[in-house]
Amino acid sequence: MADKITVILPDKSKKEYKKGITVSDILKDIDSELAENALAAKMNGEIVDLSKNINEDSEIEILSFDSEVGKKVFWHSTSHVMAQAVQNLFPETKLAIGPSIEEGFYYDFDKKEPFTPDDLEKIEQGMQEIVKENQPFVRKEIPKSEAIKFFKEKGEKYKLEIISDLEDEKVILYQHDDFVDLCKGPHVPFTGVIKNFKLTSIAGAYWKGSEKNPMLQRIYGISFPSKEELDEYLKRMEEIKKRDHRTLGRELELFSILDEVGPGLVLWHPKGAQIRRVIEDFWVEEHQKNGYQLIYTPHIARLHLWEKSGHTGFYQEYMYSPMVVENEAYQLKPMNCPFHILIYKSKIRSYRDLPLKLAELGTCYRYERSGVLHGLMRVRGFTMDDAHLFCKPDQLEEEVLKLLDFSLSILRTLGFEKYEIYLSTRPDKFIGDPQNWEKATQALRQALEKDNLQFQVDEGGGAFYGPKIDIKIIDAMGRAWQCTTIQFDFNIPERFDLTFVGQDGKFYRPIMIHRALLGSLERFFGVLIEHYAGAFPLWLSPVQIVVLPITDEQNLYSAEIKNRLQGEGFRVELDDRNEKINYKIREAEKEKIPYMFIIGKKEVQNKSVSVRKHKQGDLGEFDVEEIIVKLKQEVKNKSSQ
RNA sequence: GCUGGAGUAGCUCAGUCGGUAGAGCAGGGGUUUUGUAAACCUCAGGUCGUGGGUUCGAUUCCCUCCUCCAGCUCCA
């Protein structure tokens, strides 16, 4: 029967239909609820519109907003609706591209006058009207020449440029209402599906991302099937804004970056410095436990050293200009490795010395383009938690395995439980022996597999001097931040002619691994602030306990308690100002101090304290010794609660 | 670096169609002696980002520079 086809439905059952039936007809036939949420479909693995005709035996899958692809289709369609609204309001505007992105969509426009926030509102209103019309998205396939003619008439020069890059002789257009756009689709069936959207920001963007091309205006937006989801998204954005480490850094007196000092240069205030100290102490202790030797190296060195290491070549654009002292050029260090290498080279190394692990909290300076600086996240002066491991080739896998465990345990202790891990392999341009590359990449891969860690492979994403593993931590808001990096280096050991003496008395070249766990302390601190929203766990908190006498009659006893706590190693403050207890509590809450010890008549009499925990409230009256033991335990555990 | 936006007291912001500026919070002094998120009174605080120009006069208008904010392929 030539006019019948068999379709495997989403529930894997088979059913016969007439040839040419559309996906949405089938959906109506099988399950009305499924059809309602459907945005697009997968037919034999290919993503298609719901209006697609099925002409052969097929398997279909439904794509709703719950799927990654469904979301992309939804957002992409929203960008078309936005583009129509923009051209309705500003007919002279030319279209560039309008894809979906990780969260939402954008469309790039060429328009003389910049868009204003008022324009955004007008565009949103225009979109509302388009959505109300509930027009179908219609797919059209036309010959390339016809498409060129069509866009030429409209003066859409960017579309013409895109078409000229296309290899197919057929071009796909999508139309809804009277708006036609070059687009491979697919799209949602009707504009009416997109009811809940918000245009979030305007920004400049280069055509095809190149600075040499003209600057376009980009409008970003987001959309959802339901109002609840949109509201939730907007609420999340607000929460992220509230957690901004730049705001919290000022409010909590953690750090500052001042004009007078210079862009990207951080002043760590006492409270921020206290947190950093705790992290550093923890870091040092862990490194010593794990066989690292700690070193210190200078901030500058003769330019010659950087020539030898190759940095003046491949890293030039990130380096501050050299300074000349006594007719000799000196370079502010962008990295620590040359120093570590010279320490390695300071004597003849035996295979017995390997692996040699040198670690340093080394402060580096890099010239970052002014436009990319951002609070603590991207700075010009920063401290790397750096280490270099010098290994025999047969030690690689074990050392990588140890490194992974070590990194993850430190990140976990600091409050990060979720990660994204990437393995980057050999790029097209590389140096070193391909066999070594292979060995090193294998060592990285096997270590990841042995540890049962999920990872993605970035083929060709390694540096020219070696493959690497990157770990991104996922913060409380679900955002990923690159911190840990474990990189092989086949370049520098060559350049410095590193060797070790093997068992047979001959010289061999060690393999070197660079690694940073937290990345830079500045950046990591920024992430940490946003992760905890400034409310640090007890072990990290700059002020751990504040003692609050209710009236000045309790000041003496309160001072005793404060001294007692201080003697036990806690970071304590006493707030004996002439203020009401409510006022003092409010301040302590705003400062996000983990514990408040409130002391009134009753507590003095009972030789006790009333304990209030940040954000949780009154925990009741405690015996002083009892609460000291309890909190000491909390610090010792580095509990992230 | 580029495009757009912004820079007024420690912070958040108002204001001046050109005549050198205000509010709340924070800070100082006082009154009050207070039981789990803001008591009351009072005082002090600013070269209005920088340098220049126009003007009798600029924080305001114009230009330069600095800094900050958003973004700068996630490719129909």
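The structure displayed is predicted, hence computed values, not measured ones. Just so it is clear: chains get the letters A, B, ... in the order the sequence lines come, proteins before strands, and each one is counted from 1.
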Would you call [X] and [Y] a salt bridge, using N to O less than 4.0 angstrom?
X       : Y       : value
R479(A) : E530(A) : yes
D181(A) : K159(A) : yes
R243(A) : E239(A) : yes
K472(A) : D470(A) : no
E103(A) : K71(A)  : no

Identify the residue among D108(A), D110(A), L95(A) that makes a side-chain contact (heavy atoms from CB on, under 4.5 Å) with Y158(A).
D110(A)

Separation between the [atom1] atoms of [N] and [M], rounded to whole Å:
N       : M       : atom1 : answer
rG46(B) : rG53(B) : P     : 27 Å
rG45(B) : rC56(B) : P     : 34 Å
rC68(B) : rA26(B) : C1'   : 23 Å
rC13(B) : rA6(B)  : P     : 14 Å
rA21(B) : rG29(B) : C1'   : 26 Å
rU55(B) : rG49(B) : P     : 23 Å
rU73(B) : rC11(B) : P     : 33 Å
rU50(B) : rC41(B) : P     : 35 Å

Rounded distance in Å - [atom1] ([X]) to [atom2] ([N]):
X       : N       : atom1 : atom2 : answer
Q605(A) : rG35(B) : CD    : P     : 17 Å
I581(A) : rU34(B) : CD1   : P     : 12 Å
E621(A) : rG35(B) : CD    : P     : 16 Å
R246(A) : rA6(B)  : CZ    : P     : 18 Å
E587(A) : rG27(B) : CD    : C1'   : 12 Å
W207(A) : rC2(B)  : CH2   : C1'   : 18 Å
I219(A) : rA70(B) : CD1   : P     : 19 Å
I593(A) : rA37(B) : CD1   : C1'   : 13 Å

Output for pair (I529(A) CD1, D475(A) CG), nearest 0.5 Å, gives 12.5 Å

Assuming nearest nucleotide by heavy-atom distance, tell me which of E553(A) and E589(A) is located more 5' along RNA chain B.
E553(A)

5' precedence on RNA chain B between I599(A) and D244(A) (nearest-nucleotide basis):
I599(A)

Counting primed atoms plus P, OP1 and OP2 as sugar-phosphate and everything else as base, spell out the protein contacts along nucleotides 38-50 of chain B at 4.0 Å heavy-atom distance: B, S or - for each nucleotide, 5' to 3'.
BB-----------

Per-nucleotide protein contact string for nucleotides 71-76 of chain B (B base, S sugar-phosphate only, - none; heavy atom under 4.0 Å)
BBBBSB

Report yes if the distance between the aromatic ring centroids of F525(A) and W268(A) is under 6.0 Å, otherwise no.
yes

How are the rings of [X] and [Y] set relative to one another: parallel (under 30°), tilted (30 to 60°) or perpendicular (over 60°)?
X       : Y       : result
H176(A) : F137(A) : tilted
F109(A) : Y107(A) : parallel
H76(A)  : H187(A) : tilted

So I598(A), base contact, sugar-phosphate only, or nothing? Heavy-atom distance under 4.0 Å.
base

Using a heavy-atom cut-off of 4.0 Å across all strands, would you classify G600(A) as base, sugar-phosphate, or nothing?
base

Is rG22(B) syn or anti, taking syn as a glycosidic angle within 90° of 0?
anti

Taking it one step at a time, do I585(A) and I598(A) satisfy side chain to side chain contact (heavy atoms under 4.5 Å, CB included)?
CA-CA 9 Å; I585(A) 287 172; I598(A) 294 160; 3.7 Å; yes

Should stems be defined as at least three consecutive Watson-Crick or G-U pairs with both distances under 3.5 angstrom, which of them involve RNA chain B?
B:1-7 with B:66-72, B:10-13 with B:22-25, B:27-31 with B:39-43, B:51-53 with B:61-63

Do T551(A) and Q554(A) get their side chains close enough for a donor-acceptor pair, meaning under 3.5 Å?
yes

At less than 3.5 Å, do the side-chain atoms of E603(A) and the base atoms of rG35(B) form a donor-acceptor pair?
yes

